[in-house]
Amino acid sequence: MAEAAAKQRSPATPRPVRCIVKLGGAAITNKGELESIDERSLRSACAQLRQAMSGSGDAAPGKVMGMDWSRRPGDPADPAVDTDGFRGMAGLGIDTNFIVVHGAGSFGHFQASRSGVHKGGLHTPLVKAGFVATRISVTSLNQEVVRALAREGIPSIGLSPFACGWSTQQRKLVSANASQIIQSLHAGFVPVLHGDGVLDELLACTILSGDVIIRHLAQLLSPKYVVFLTDVQGVYDRPPTDSNAVLLREIEVDDNGGWSVVKPVLQGNKRGVETSVAAHDTTGGMETKILEAAAIARLGVDVYITKVGTDHSLRALKGDVDTSTDDWLGTVIRSAK
Ligand SMILES: Nc1ncnc2c1ncn2[C@@H]1O[C@H](COP(=O)(O)OP(=O)(O)OP(=O)(O)O)[C@@H](O)[C@H]1O
Ligand SMILES: C=C(C)CCOP(=O)(O)O
């Protein structure tokens, strides 16, 4: 009910979104090291996104016209900006109909778990301070993700759920107006959202995961497919630190939201998946991702979970996944219908 109300407050979008992608915090940051970006993975994800948007073969043609015109710390001079090159362009030559959502990884989760922001209680000075610290941290990561996309010539715009007025009631989204996101898409920008600290009607505050944001946007905008990029190949039957863990290639979701592993056929009566979660993770880790992915698949939208910076992530971003062969490594979650 609350979700439906949140939905109604947003205008409809005329053009279907091609893909909503999560750049997982585990993929683009070094999760064990406070506020440390995995530069290589972030760069690779942004380059692959550009390739997927360019719609051509393996390499994006032409020169990339960077849009990050700011100076980086340590740069000796102002960045070279090819304004004449832009003047000569008829258009950007890429399909920008994508939405990017990133997780927090080593930005935000530490601050939130230390102060208990995810459990609420904004009246205490510790939680209030932790809320501020969490948002400083995660919005600084958002700035870096936006810049990395802009360096690939992707017209990215950072949008924070908190600043868009999104809020929850006992951790469930109740207000999530997407008009700013939709208007940004219409204007040809790629919105870049992130897991965030938000106000909660009952708890006063909580942490909203990027995985939940993606599910809400999928319900609202019916993308052709959804991609979760993370630091492991996909969903395993148990934590992948266990050397016997088996990669689950295909999960089907029925009309009631129940799901079952269809490939590979698991031995015995095993229904599914055991997960583990890092102590400082405030949003439930892989378990949340599976639940949200199943809710998206139930809408009839295929979900691909795979590892960042691989051939498999590029194929997922292009929507080029064929489960009839075994050469794509990852997990597809789709409706049984
Ligand atoms: N059964 C499982 N299958 C796959 N990964 C699992 C499983 N159980 C635990 N994990 C762990 O889940 C982690 C990925 O989930 P996580 O929520 O950290 O990803 P993320 O979305 O990239 O990060 P963030 O939540 O910070 O945005 C992996 O590092 C993996 O070790
Ligand atoms: C910890 C914060 C601020 C957001 C968490 O988002 P997630 O990493 O997508 O679960």
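All residue numbers in this chain count up from 1 along the given sequence. In each ligand, atom 1 is the first atom listed, and ligand 1 is the first ligand listed.
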Any atoms of ligand 2 less than 4.0 Å from a non-hydrogen atom of [X]? List them with their elements.
X: K22; answer: 9 (O)
X: T134; answer: 3 (C)
X: G195; answer: 3 (C), 4 (C), 6 (O)
X: D196; answer: 4 (C)
X: I207; answer: 1 (C), 2 (C), 4 (C), 5 (C)
X: G103; answer: 7 (P), 8 (O), 9 (O)

Please report the shortest heavy-atom distance between [X] and [Y], naming the atom on each side.
X: V127; Y: C205; result: CG1-SG, 3.7 Å
X: V146; Y: V192; result: CG2-CB, 4.0 Å
X: T331; Y: L248; result: OG1-O, 2.7 Å
X: V174; Y: T168; result: CG2-C, 3.6 Å
X: P223; Y: I20; result: CG-CD1, 3.7 Å
X: A293; Y: I333; result: CB-CD1, 3.7 Å

(request) Check step by step if salt bridge (charged side-chain N to carboxylate O under 4.0 Å, His left out) holds for K172 and E201. (result) CA-CA 10 Å; K172 298 220 172 345; E201 285 174 15; over 6 Å; no

Could you check whether any heavy atom of [X] sits closer than 4.0 Å to an atom of ligand 1, since that is the contact criterion I want to use?
X: G105; result: yes
X: H102; result: no
X: K22; result: yes

If you measure every N or O of [X] against every N or O of ligand 2, does any of those distances drop under 3.5 Å?
X: H109; result: yes
X: A112; result: no
X: H102; result: no
X: A104; result: yes

For ligand 1, which atoms have a heavy atom of [X] less than 4.0 angstrom away?
X: V273; value: 1 (N)
X: S276; value: 8 (N), 9 (C)
X: H109; value: 26 (O)
X: G285; value: 17 (O)

Any side-chain to backbone donor/acceptor pair from [X] onto [Y]? Under 3.5 Å, distance only.
X: S160; Y: F162; value: no
X: T29; Y: S106; value: yes
X: R315; Y: T310; value: no
X: S137; Y: A133; value: no
X: Y225; Y: L317; value: yes

(request) Just let me know how T275 lines up against ligand 1, side chain, backbone, both or neither, with a heavy-atom cut-off below 4.0 Å. (result)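 Both backbone and side chain.
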
Nearest to [atom], what protein heavy atom do you find, and at what distance?
atom: atom 21 (O) of ligand 1; value: K289 NZ, 2.5 Å
atom: atom 7 (C) of ligand 1; value: P240 CD, 3.6 Å
atom: atom 27 (O) of ligand 1; value: G25 N, 2.8 Å
atom: atom 10 (O) of ligand 2; value: T283 OG1, 2.5 Å
atom: atom 13 (C) of ligand 1; value: D231 OD1, 4.0 Å
atom: atom 12 (O) of ligand 1; value: M286 CB, 3.7 Å
atom: atom 19 (O) of ligand 1; value: T230 OG1, 3.3 Å
atom: atom 1 (N) of ligand 1; value: E274 O, 2.9 Å
atom: atom 18 (O) of ligand 1; value: K31 NZ, 2.6 Å

(request) Please state whether the rings of W328 and H312 are parallel, tilted or perpendicular, taking 30° and 60° as the class boundaries. (result)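 Ring orientation, 0 to 90° scale: perpendicular.
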
(message) Can a side-chain donor-acceptor contact be found between N177 and S175 if the only test is distance below 3.5 angstrom?
(response)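 Short answer, no.
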
(request) Closest by any non-hydrogen atom to atom 4 (C) of ligand 1: pick that one out of G234, A278, G103, A245. (result)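 Of the listed residues, G234 has the closest heavy atom.
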
(request) Determine, considering heavy atoms only, which of G210, G108, A26 sits nearest to atom 9 (O) of ligand 2. (result)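 Nearest heavy atom to atom 9 (O) of ligand 2 lies in G210.
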
(message) Please check whether V232 reaches ligand 1 - meaning an N/O of the residue sits under 3.5 Å from an N/O of the ligand, judged on distance alone.
(response)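 For ligand 1, there is no N or O atom that lies under 3.5 Å from one belonging to V232.
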
(request) Working to the nearest 0.5 Å, report the span between OG of S44 and CD of E39. (result)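 These two atoms lie 12.5 Å from each other.
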
(request) Could you tell me the separation between the CZ atom of R50 and the CZ atom of F98, rounded to the nearest 0.5 Å? (result)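 It comes to 12.0 Å.
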
(message) Does the residue H118 have a heavy-atom contact with ligand 2, meaning some pair of atoms that are separated by less than 4.0 Å?
(response)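 No; H118 lies far enough from ligand 2 that no heavy-atom distance drops under 4.0 Å.
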
(message) Assess whether a salt bridge exists between E144 and R72, defined as any Lys/Arg side-chain N lying under 4.0 Å from an Asp/Glu carboxylate O.
(response)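 Here E144 pairs with R72 in a salt bridge, since their nearest N and O are under 4.0 Å apart.
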
(message) Walk me through whether K337 and D255 qualify under salt bridge (charged side-chain N to carboxylate O under 4.0 Å, His left out).
(response) CA-CA 8 Å; K337 278 199 279 189; D255 274 349; 3.7 Å; yes

